[in-house]
Every structure is written in C-alpha cells, then in structure tokens.
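Okay, so here's the structure we're looking at.
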Amino acid sequence: MNGVHDLGGMHGFGPVVREDDEPVFHEAWEGRIFALMSLMGQHPGLFHPGGFRFRLESIDPPRYLSSSYYEKWMMVLEQALVEKGIVTADELAARTDHVREHADFKLPRREDPKLVELIRLAALTRYPPHREVGVAPRFATGDRVRARNNINPAGHTRLPRYVRGRRGTIDRVHGVHDFQDAIPPGTKAQPQPVYCVRFDANELWGESAEPRESVYVDMWESYLEPA
Amino acid sequence: MSEAHSGEHHHETEPYAALRTKALESLLVEKGLVSSDAIDALVQAYEQDIGPLNGAKVVARAWVDPAYKQRLIVKGTEAIAELGFGGSQGAEIVVLENTPAVHNMVVCTLCSCYPWPVLGLPPTWYKSHAYRARAVIEPRAVLRELGLALDDSVEVRVWDSTADVRYMVLPRRPKGSEGLAEAELASLVSRDSMIGVAEAGPPSGVGQ
C-alpha cells in the first residue's frame with residue numbers, strides 16, 4: 001500500500017537520535033508485548049502471510065507516526081485478537097480497568113516447559129526462504145532492469161515507492177523465495193526469484209543525490225521489467 | 001507516571017501501555033494460548049543471549065582468519081552458523097565488507113528488518129522514522145550526524161532490507177589492533193559498526 005510506513009527518501013523527520021547504552025526493552029511491557037506477539041504469531045489463522053506487516057502499515061497515519069514501535073505492535077496484536085474473536089473488545093476493556101483499579105493485580109501464570117524448549121529451538125532454527133521449485137530466474141547479474149512504475153498495490157508490498165519507475169542493475173540473484181506481497185485470502189504465496197538491484201543515487205534522487213552513492217534493494221521478479 | 005512505583009502514591013496508575021499489556025497477557029494465559037515461562041524465555045533470550053556480542057565474534061574471527069573471512073563474504077549464513085549463530089530473522093544473512101574505498105550501511109525503509117541472530121533486536125534509532133526516511137537519500141549526512149565523517153572519495157552503499165535476506169556489515173579492523181587476540185578484538189566491535197553507521201572502535205586499555 002502507498003502508506004505512511006513507506007518512508008524512504010521523505011524529508012522533515014529531523015535528526016537521527018541515538019541513545020547511548022540503550023536497553024533492549026525500555027520498559028518491561030515492551031518485552032512482554034514482543035514475546036506475546038512472537039508467540040501469538042504462531043497461532044494458526046491469526047495473521048495470514050504478510051498480515052502482521054499490513055496491519056502495522058494500516059494504522060491511522062497520525063497514530064502510526066506518533067506511536068512508539070512496541071505501541072504499534074500492541075495495537076496490531078489487539079486488533080487481530082479482537083477481529084478473530086479470540087478476545088472480545090469488552091473483556092479486554094474490562095480487564096484493563098480491573099488492572100488499573102487493582103495495583104496489586106498479579107498476572108496469572110501458566111507453565112509449559114515443553115513450549116519453552118520449542119521456543120528456544122525456534123529462535124535458533126533457520127527456516128531458509130529458498131524454495132526448490134524449478135523456477136528459472138529471468139534476469140542475471142549485470143542485467144539492466146526497471147522497477148515497475150504502474151503498480152500501486154493496495155495491500156502489503158515490499159516495493160518501496162522511491163524505486164518505482166527507476167532503472168537499476170541486478171547485483172546478485174538471491175534465489176527463489178515465497179512472495180510476501182498481499183495475496184487473496186485462502187491462496188498460497190507463489191515463489192519467485194528475488195534479486196538484489198543496485199540503483200545509482202542519481203537515478204533515484206537526481207540533482208540532490210549525494211556523490212558516489214548507490215542503494216541496493218531486494219526485489220521479487222514481478223516488480224521488475226527489462227530496461 | 002514516574003510515581004507509579006512509589007508506595008505513597010498508590011492511586012497513581014501505571015502507564016496505559018503497561019496496564020494494557022498486563023490485561024492482554026492475563027487473558028491469553030487464562031485462555032491457554034500462551035504460557036508465562038515461554039514469554040519469560042523469549043524476553044530473556046533477546047535481553048541476554050541473542051545480541052551484538054554474537055556478531056562481534058563473527059567479525060573478530062573474520063579479522064584473524066582470512067579463510068573464514070572469505071567464506072563469510074561468499075556464504076554469510078553458513079559461515080555465521082559455524083560459530084553457532086542463526087535462526088529467526090536471519091535465515092539468510094549476507095555480509096558486506098567495508099574497505100577503505102567502500103562503506104556499507106543497512107536500513108529497512110519499510111519497517112525494521114534486521115539480522116537478529118547476530119545483532120539481536122534493533123535499537124530505537126534504527127527503527128526511527130528519521131533513519132528510515134533519510135538513510136537512502138542522504139546517507140553521508142546521517143553518518144556525519146552519527147559521528148562518522150566519510151571522505152567524498154569513499155563510495156557509499158546503502159542496503160534496504162526489503163525482502164527475506166538480512167544484511168550485516170563487516171567493519172574494517174582498527175589500526176593498532178594487530179597484536180590483539182580474537183576475544184579482545186571482539187570487544188572492539190560495536191553494534192553500530194555492524195549496521196554500518198560507525199567504525200569498529202580503537203583498542204582501549206590494551207597493550208600501549
């Protein structure tokens with residue numbers, strides 16, 4: 001989607017502010033939300049492929065820009081849980097009030113050592129994106145290509161606006177990976193060759209480009225046409 | 001809000017996000033959809049075990065072992081796995097070598113893609129709107145702000161992680177680090193040097 005999340009090349013966001021010795025999570029709740037999302041992300045049907053990212057991108061733009069990273073995760077998790085009927089909006093509101101009114105509220109605990117073992121394994125296990133499906137890449141390293149300009153997918157896409165219509169060069173062929181753009185519900189993502197495409201900064205930014213710069217963008221084959 | 005933990009101000013409540021997270025966690029635990037110890041384990045894994053110290057070990061090995069470095073550049077994922085690292089958000093990692101002539105830096109303009117197995121979870125600045133917006137259009141300006149002034153003769157390559165591949169930078173070995181052992185070298189490798197917004201640090205407190 002042509003959303004506010006597609007930030008590459010935008011002006012007006014001010015300096016990049018770096019915090020010294022930044023903790024992984026600033027508040028305990030951030031870690032809990034991270035973990036809840038990671039665990040519920042495995043729940044069948046809660047997020048279809050690309051669904052997590054699309055929900056993030058669909059947050060009302062002013063809220064998107066004014067919320068912290070894990071606040072956005074929380075919004076998306078809540079929204080998916082309520083939409084799928086796993087948690088109702090009413091019970092969530094009631095429980096939030098209850099927690100607010102009871103400073104001594106203690107979280108219920110449920111232990112599942114087998115799941116803990118699975119989690120540790122899952123965090124350390126590689127699920128390579130490669131698919132051996134006999135799809136031959138259309139382009140080779142060194143080929144000149146153009147990112148398609150005439151597409152504006154309303155769903156999730158990994159084709160940033162700042163490269164659309166721009167010419168680049170295939171820098172490397174990554175292999176064949178599942179397509180991550182939005183697909184109709186109930187269908188399966190079709191694997192496609194993925195390329196790393198090099199764009200000269202002048203091609204992207206014209207006269208305002210900095211000297212001796214290029215940008216490398218990973219792109220599925222259907223984003224590209226020969227140039 | 002800062003009074004939340006003061007016993008004398010027990011009417012002051014925690015921030016909304018903290019309350020809401022407790023509400024969510026308690027409901028999901030009660031429904032049997034998550035377990036508390038799995039949540040604890042995930043938080044602990046990314047707070048303590050999976051972080052930039054992993055990447056630093058990879059870099060230090062590459063600095064002392066030219067054959068390893070070669071494997072790392074050609075097949076990053078496999079070479080990183082030799083040191084026991086790999087997994088979620090790093091099923092395929094490409095390593096980019098900084099040289100006197102070429103400087104690489106990594107961004108995710110659309111979201112926050114980042115090589116978790118070697119760097120852990122991304123810092124806030126990496127996920128910030130400012131970095132995501134500016135890294136591709138004015139990388140030199142961003143680097144200068146972050147304290148890295150590159151000569152105009154150096155080529156800058158910005159890698160926008162838009163798909164399933166994750167990128168990590170192999171920084172240049174600092175001058176004066178020749179006599180150091182691998183573990184000492186690893187201590188010179190900062191997270192930011194592996195994102196490509198800093199150089200690896202100079203040796204400090206070691207030797208002369």
Side-chain angles (χ1 to χ4, degrees), chain A residues 5-10 13-19 22 24 27 29 31-33 35-36 38-39 53 65 69 71 74 87 91-92 95-96 99-100 103 105 107-112 115-116 119-120 123-129 158 160 174 177 194 205 210-218, chain B residues 10 13 17-30 33-39 41-43 45-47 50 86-88 91-92 109-111 120-121 123-125 127-134 136-140 142 145-146 152 155-160 162-165:
Chain A
H5 69 285
D6 188 356
L7 288 162
M10 288 179 78
F13 285 98
V16 177
V17 179
R18 180 170 50 183
E19 180 184 342
E22 181 181 347
V24 174
E27 308 282 346
W29 71 265
R32 305 310 277 183
I33 282 293
L36 287 171
S38 304
L39 293 168
R53 292 276 294 267
L65 292 175
Y69 187 71
E71 281 170 349
M74 186 167 67
V87 171
E91 73 184 323
L92 184 55
R95 182 59 58 88
T96 308
V99 177
R100 183 183 286 115
F105 177 77
L107 283 166
R109 277 199 73 87
R110 179 171 167 266
E111 312 292 329
D112 187 349
L115 179 62
V116 172
I119 296 296
R120 286 191 204 286
L124 300 175
T125 303
R126 286 179 54 213
Y127 299 99
R158 301 294 182 85
H174 284 311
H177 301 179
V194 179
W205 315 116
E210 290 183 343
R212 299 178 68 74
E213 186 215 336
S214 47
V215 181
Y216 294 72
V217 183
D218 286 338
Chain B
H10 60 273
T13 57
L19 297 172
R20 193 69 160 182
T21 303
K22 283 183 181 171
L24 279 165
E25 180 175 337
S26 64
L27 288 168
L28 293 173
V29 165
E30 284 169 13
L33 292 167
V34 297
S35 66
S36 315
D37 49 359
I39 299 170
L42 270 165
V43 171
Y46 287 97
E47 277 190 331
I50 304 173
S88 195
E92 181 156 336
T109 61
L110 296 174
C111 190
L121 298 179
T124 299
W125 66 260
K127 303 178 286 193
S128 70
H129 304 135
Y131 185 70
R132 287 163 55 191
R134 296 176 56 205
V136 288
I137 190 171
E138 46 174 353
R140 288 177 195 272
V142 170
E145 275 178 28
L146 294 173
D152 273 356
E155 179 190 341
V156 176
R157 299 180 182 173
V158 183
W159 301 76
D160 190 355
T162 46
D164 291 322
V165 175

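Just so it is clear: chains get the letters A, B, ... in the order the sequence lines come, proteins before strands, and each one is counted from 1.
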Which portion of B:Val142 sits near chain A, non-hydrogen atoms under 4.5 angstrom: side chain
Looking only at heavy atoms and a cut-off of under 4.5 Å, which of [options] has the most pairs with chain A?
{"options": "B:Leu27, B:Leu42, B:Asp37", "value": "B:Asp37"}
{"options": "B:Ala91, B:Ala45, B:Ser36, B:Ala23", "value": "B:Ser36"}
{"options": "B:Ala18, B:Ala41, B:Ser128", "value": "B:Ala18"}
{"options": "B:Glu30, B:His129, B:Arg157", "value": "B:His129"}
{"options": "B:Gly86, B:Ser88, B:Ala133, B:Pro123", "value": "B:Ala133"}
{"options": "B:Glu145, B:Arg140, B:Lys22", "value": "B:Arg140"}

Pairs of heavy atoms under 4.5 Å with chain B: top-ranked of [options]:
{"options": "A:Leu107, A:Leu115, A:Val217", "answer": "A:Leu107"}
{"options": "A:Glu22, A:Met10, A:Arg18", "answer": "A:Arg18"}
{"options": "A:Pro211, A:Pro128, A:Gly31, A:Ser38", "answer": "A:Pro211"}
{"options": "A:Pro129, A:Gly14, A:Ser214", "answer": "A:Ser214"}

Is there side-chain contact between [X] and [Y], with heavy atoms separated by less than 4.5 Å?
{"X": "B:Arg20", "Y": "A:Leu92", "result": "yes"}
{"X": "A:Arg53", "Y": "B:Leu110", "result": "yes"}
{"X": "B:Arg132", "Y": "A:His5", "result": "yes"}
{"X": "A:Val194", "Y": "B:Val165", "result": "no"}

Nearest 0.5 Å, please: how far is [atom2] in [Y] from [atom1] in [X]?
{"X": "A:Arg95", "Y": "B:Leu19", "atom1": "CZ", "atom2": "CG", "answer": "13.0 Å"}
{"X": "A:Arg110", "Y": "B:Ser35", "atom1": "CZ", "atom2": "OG", "answer": "5.5 Å"}
{"X": "B:Glu155", "Y": "A:Glu213", "atom1": "CD", "atom2": "CD", "answer": "10.0 Å"}
{"X": "A:Arg32", "Y": "B:Ile39", "atom1": "CZ", "atom2": "CD1", "answer": "5.0 Å"}
{"X": "A:Leu7", "Y": "B:Cys111", "atom1": "CG", "atom2": "SG", "answer": "10.0 Å"}
{"X": "A:Trp29", "Y": "B:Leu24", "atom1": "CH2", "atom2": "CG", "answer": "11.0 Å"}

Which bit of [X] is near chain B, if near means a heavy-atom gap under 4.5 Å: side chain, backbone, both or neither?
{"X": "A:Tyr69", "answer": "side chain"}
{"X": "A:Ile119", "answer": "side chain"}
{"X": "A:His174", "answer": "both"}
{"X": "A:Val24", "answer": "side chain"}

So, the side chain of A:Arg158 versus the backbone of B:Asp164: is there a donor-acceptor pair under 3.5 Å, distance only? no
Just by modelled atom types, is the B:Val29 backbone N or O under 3.5 Å from a matching donor or acceptor in the A:Arg109 side chain? no
Minimum heavy-atom separation for [X] and [Y], please, with both atom names.
{"X": "B:Ala38", "Y": "A:Val116", "answer": "N-CG2, 3.6 Å"}
{"X": "A:Val215", "Y": "B:Val136", "answer": "CG2-O, 3.7 Å"}
{"X": "B:Asp160", "Y": "A:Pro160", "answer": "OD2-CG, 4.2 Å"}
{"X": "B:Ala130", "Y": "A:Pro15", "answer": "CB-O, 3.6 Å"}

Show your working on side chain to side chain contact (heavy atoms under 4.5 Å, CB included) between A:Asp218 and B:Trp159 and close with a plain yes or no. CA-CA 9 Å; A:Asp218 286 338; B:Trp159 301 76; 5.9 Å; no
Within the 3.5 Å criterion, strictly below it, is a donor on A:Glu19 or B:Thr124 matched to an acceptor on the partner's side chain? no
